[in-house]
Amino acid sequence: MSEAKFVEIPKAYNPDSVEDKWRSYWEAHKLYHSEIDRNKKPYTIVIPPPNVTGILTMGHILNNTIQDAFVRYKRMKGYNACWVPGTDHASIATETKVTDFLKEQGINKKDIGRDEFLKHCWEWTHKYGGIITRQLRKLGVSCDWERERFTMDPHYYSKVIETFVALYKKGLIYRGFRMVNWCPVSKSAISDEEVLFRQVNGKLWYLKYPVKESNEFIIVATTRPETMLGDTGVAVNPNDERYKDLIGKKVLLPVVNREIPIFADEYVEMAFGTGAVKITPAHDVNDYEMGKRHNLGCINIFNPDASTNKNVPADFQGLDRFDARKKVVDMFEELGLLHKVEDYTNKVGYSERGGVPIEPYLSEQWFLKMDELAAPALKAVEEGRIHFHPDHWTKTYAHWMKNINDWCISRQLWWGHRIPVWYHKDTNEIYCDVNPPEDIENWKQDEDVLDTWSSSWLWAHDVFTTKEEQQYYYPTDTLVTAPDIIFFWVARMIMAGLEFMGDIPFKDVYFTSVIRDMQGRKMSKSLGNSPDPLDVIDEYGADALRFSVLYLAPLGQDVLFSSEKCDIGRNFANKIWNAGRYLLMNAQSVELNDELKDKHLDFADKWIISRFQNTLRQINDAMDKFEINNAVKIIYSYVWNDFCDWYIEMSKSRLYSDNENVKSAVLTRALSLFEDMLRLVHPFMPYLTEEIWHLIKERKEGQSISISGFPEFNISLVDTGAEHEIQFVQEIVTAIRNIRGEMNIPPSRVIDVYIRGGQVTENEKNYIRKLGRVENIFNDKNLEKPKASASTVVSGSDIFIPLEGVIDLEVERQRLQKDIDRLQGSLAGVSKKLSNENFVNNAPPDVVAKEKQKKAGWEDKLSKLNVMLDDLR
RNA sequence: GGGUUCUUAGCUCAGUUGGUUAGAGCGUCUGCUUGACGUGCAGAAGGUCAGAGGUUCGACUCCUCUAGAGCCCACCA
């Protein structure tokens with residue numbers, strides 16, 4: 001207990017060294033590794049695996065902070081908490097990056113071949129794969145890193161293949177020649193969910209098609225004139241009088257000189273454009289359907305990269321689709337067949353990855369039938385076996401599940417799980433199994449890989465590698481994820497869980513907020529409006545970032561974020577730090593004695609103990625309801641307002657007294673309460689709390705606040721009497737401070753206070769003196785009002801503060817008048833209510849009684865204030 | 001076009017099943033080297049709860065409509 005240690009505690013909390021220290025401590029002691037333990041209930045979370053080559057975003061910060069808060073909370077509550085981390089191979093995203101990287105070096109993917117390319121992918125994965133998990137660690141997440149998984153791990157890989165084979169053999173997977181969303185950049189099909197629609201300011205071109213054997217033209221409107229090269233018909237509405245005579249006739253398609261029919265179909269809207277539609281079955285979903293209905297030809301005019309192919313006239317071949325568009329339009333203009341051009345805004349589907357408009361494209365793909373899988377998955381949520389938080393996502397989910405289309409699961413890529421299907425070289429027979437056919441030389445394996453999501457949909461169960469583990473840890477408890485992958489991932493995981501495990505994959509799904517910038521725009525690379533989380537951690541500390549983000553992110557609402565908002569968390573961390581500093585500094589001179597922890601209790605102690613219990617109850621309640629943001633606010637207010645502003649301040653009057661036993665008791669108790677408080681804070685601010693917890697006393701190697709248990713609610717410690725007593729003291733102190741403030745009386749000037757009313761205990765007086773900077777307190781039922789004093793009314797007592805020579809009567813009058821005005825307003829309201837017979841007769845008696853009580857109290861106060869005001873005249 | 005969420009203090013947001021004198025943080029103003037903290041302490045100002053109807057004894061809260069914002073879904077060329 002030397003002076004030296006005194007100065008060892010810095011004035012401001014500095015997270016830098018602290019965070020690294022405890023992170024390595026936790027990892028070295030494997031504190032967050034979980035093994036099957038039949039004596040404990042498991043609490044399991046699987047991380048939404050980030051893209052292996054990605055970097056940490058603010059979205060990840062929020063998402064993982066929430067998971068960590070849940071996991072730490074449950075771990076402290078005695079659950080066998082297991083948080084499985086990992087990354088996703090992100091087939092298309094990674095392949096795009098590697099392809100681009102190779103291209104920069106002049107290497108073409110096709111030239112080096114599949115095996116060589118995959119080597120590069122693995123190299124890339126190993127090089128960049130660790131980045132995001134390292135970044136995640138800085139946040140202080142309590143993942144079980146020994147369980148880290150990757151969706152291309154050998155075990156996981158084989159599970160994906162097994163799953164494909166099982167579904168194929170069950171008849172749920174089929175191969176079909178279909179129109180799919182084609183991404184010309186990755187040259188692969190993508191699923192409906194990977195198409196993003198954007199408003200595009202484009203044009204509507206009106207093209208004149210000459211009708212055969214006549215001088216007439218039929219004018220069609222199109223947003224994509226280049227597709228006319230593949231037109232095989234022109235459609236009109238059967239009820240359209242304008243075109244009645246043309247139905248059945250032929251058009252001589254300009255440029256390509258092909259004869260195509262004019263036909264009628266209900267689909268055509270008469271009001272749009274000219275009411276006549278050019279039909280390109282190979283490059284438009286609707287046209288494809290119509291083509292089938294009317295037996296039209298189907299001419300594919302594009303190569304996989306969306307350049308024009310040999311099915312178009314020679315001088316149009318090999319053009320990019322946008323160049324082809326220009327050339328077609330020019331040609332029409334030259335021929336005098338361009339009727340007009342209008343500005344037109346419409347929605348165009350873009351490839352999520354490629355960032356270019358998708359091309360509806362006919363190709364052979366693998367599909368997974370969804371009906372059979374979706375039905376039970378919908379039921380699980382509708383029946384409440386799985387809960388969504390916030391609940392309204394259930395509706396969105398149900399809507400999607402009821403309108404679901406088959407899932408295109410094949411991708412024309414190499415990085416991923418290769419489809420376990422072989423075609424016989426001679427007979428074209430299909431073979432599907434986990435192992436290749438024995439006479440492999442006669443077979444050729446399908447070139448495609450599976451959609452990333454058709455591997456990650458197994459995540460909730462296949463991260464566990466043995467039957468025993470699956471039995472113990474599955475179903476997992478809580479899934480925390482962003483709402484934008486509800487269809488990509490959440491829905492499909494539910495399907496997979498029910499199909500392959502016969503049980504739901506998780507009980508609760510917490511949909512996080514979307515983090516936006518202060519203008520409400522989504523964080524994005526191109527806008528450059530996303531702060532780098534690592535910079536924020538460097539500047540504010542991980543705890544501050546975690547706390548701020550939780551504080552700002554209510555369940556179900558988007559969050560407007562900028563890094564300055566982390567002031568909240570940093571200031572809070574500093575506040576806790578200094579509360580600890582105060583107690584520990586006093587522990588230098590005051591002896592701690594555990595035997596006195598429950599001795600010399602006064603109402604302030606009983607009050608804070610009671611407040612702690614109520615806070616604990618509220619936190620438990622909020623956490624159970626998945627209202628983390630609420631839990632955080634409750635803690636904040638307890639720590640700052642109750643513990644620091646009042647309890648610590650009150651403790652001073654006794655800590656600086658002469659009674660050694662009292663001092664000992666007060667400090668021991670305060671430290672114990674402080675330690676309990678740290679436990680409440682720990683799930684949200686793990687580093688800071690761990691640091692102070694170790695400063696409080698020497699701990700054994702391997703001990704940690706994170707496994708020290710969570711306080712348990714004890715109703716017998718709730719003390720309403722003490723809470724009322726404190727309230728009285730607080731009101732008087734606040735009234736005194738208010739007068740000081742309004743009268744501009746500096747704290748350095750001590751004052752006396754006269755309390756006319758019920759008896760004030762010595763104990764209460766002590767606190768009032770200390771907190772109000774009061775010298776003498778006079779208390780009696782029949783006190784005379786001292787001359788030239790400021791006055792007010794608190795809890796039925798009249799308060800007078802003599803201010804001879806200082807008081808400004810005009811200011812005092814205004815102050816009282818303000819109170820009176822406010823009271824009269826309230827009183828008018830309650831009087832009106834009580835004079836309404838309907839209210840008195842219909843409202844519940846306790847409500848009426850409460851109103852009457854209010855009224856009586858206010859009337860009393862009002863008349864007293866009026867007397868005081870009169871006194872000043 | 002369908003669905004969904006939202007509109008409360010200058011800003012960002014709380015407000016649980018209808019009954020409060022409508023709250024917090026930031027910002028603003030005033031005072032303060034108060035024996036943990038100026039990343040702090042004390043005090044103050046600031047709101048017709050988007051608008052209009054309705055239900056009710058009583059509406060920020062429930063219902064309808066209107067206006068505005070966000071998100072998701074949808075094949076109008």
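Proteins get letters first, then strands, A, B, ... in listed order; numbering begins at 1 in each.
R773(A) comes within 4.0 angstrom of a nucleotide base, judged by non-hydrogen atoms across all strands. Contacts of V277(A) with the nucleic acid, taken as non-hydrogen atoms under 4.0 Å apart, include base atoms. Within 4.0 Å (heavy atoms only), R737(A) reaches sugar-phosphate atoms of the nucleic acid but no base atom. No contact: W577(A) has no heavy atom under 4.0 Å from any strand. Nucleic acid contact for K11(A): sugar-phosphate only, since backbone atoms but no base atoms lie under 4.0 Å from a heavy atom of the residue. Within 4.0 Å of K770(A), counting heavy atoms only, lies no atom of the nucleic acid at all. Counting non-hydrogen atoms under 4.0 angstrom, N841(A) reaches nothing in the nucleic acid. Here K347(A) lies in heavy-atom contact (under 4.0 Å) with a base. Across all strands shown, P360(A) has no heavy atoms under 4.0 Å from either base or sugar-phosphate atoms. Contacts of S637(A) with the nucleic acid, taken as non-hydrogen atoms under 4.0 Å apart, are absent. Across all strands shown, V514(A) has no heavy atoms under 4.0 Å from either base or sugar-phosphate atoms. W205(A) comes within contact range of no nucleotide atom at all, as no heavy-atom separation falls under 4.0 Å. Within 4.0 Å (heavy atoms only), E289(A) reaches no atom of the nucleic acid at all. Residue Y344(A) is in sugar-phosphate contact alone, with no base atom involved, counting any heavy-atom pair closer than 4.0 Å across all strands shown.
For N629(A), there are no side chain to side chain donor-acceptor pair (under 3.5 Å) partners two or more places apart in sequence or in a different chain. Shown here are the salt bridge (charged side-chain N to carboxylate O under 4.0 Å, His left out) partners of R822(A), two or more places apart in sequence or in another chain: there are none. Every side chain to side chain donor-acceptor pair (under 3.5 Å) that K854(A) has, sequence neighbours left out, goes to E851(A). Contacts of T512(A) classified as side chain to side chain donor-acceptor pair (under 3.5 Å), with partners at least two apart in sequence or in another chain: none. Residues satisfying the salt bridge (charged side-chain N to carboxylate O under 4.0 Å, His left out) test with E775(A), not counting sequence neighbours, are none. Partners of E382(A) under the salt bridge (charged side-chain N to carboxylate O under 4.0 Å, His left out) rule, at least two apart in sequence or in another chain, are K402(A). Here D287(A) pairs with nothing under the side chain to side chain donor-acceptor pair (under 3.5 Å) rule; sequence neighbours left out.
Remark on RNA chain B: of its neighbouring residues A221(A) and H399(A), the 5'-side contact belongs to H399(A), judged by nearest-heavy-atom nucleotide.
Nucleotides of RNA chain B lying under 4.0 Å from heavy atoms of chain A occupy a range whose first and last members, 5' to 3', are U4(B) to A77(B).
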- Query: Where each pair must be Watson-Crick or G-U wobble with both distances under 3.5 Å, what dot-bracket representation of RNA chain B is obtained, with crossing pairs in [ ] and other-strand partners as |?
  - Reply: (((((((..((((.....[...)))).(((((.......))))).....(((((..]....))))))))))))....

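The six-membered or imidazole ring of W640(A) lies near that of Y636(A), with a centre-to-centre distance under 6.0 Å.
The stretch residues 233-240 of chain A does not touch RNA chain B, since none of its heavy atoms comes less than 4.0 Å from the strand.
Straight-line distance between the C1' atoms of U55(B) and C41(B): roughly 49 Å, to the nearest whole Å. The C1' atoms of U48(B) and U8(B) are separated by 12 Å, rounded to the nearest whole Å. The gap from the P atom of C29(B) to that of A45(B) amounts to 16 Å, rounded to the nearest Å.
The cationic atom of K652(A) (NZ for Lys, CZ for Arg) lies less than 6.0 Å from the six-membered ring centre of Y582(A) and within 45° of the ring axis.
Residues D658(A) and K663(A) approach most closely at C-CD, 4.5 Å, considering heavy atoms.
Sorted by first then second residue, the side-chain hydrogen bond (donor to acceptor under 3.5 Å, both in side chains) pairs that include residues 828-849 of chain A, not counting sequence neighbours, number zero. Among pairs with a residue in residues 536-550 of chain A, those fulfilling side-chain hydrogen bond (donor to acceptor under 3.5 Å, both in side chains) read D68(A)-R546(A), at least two apart in sequence or across chains.
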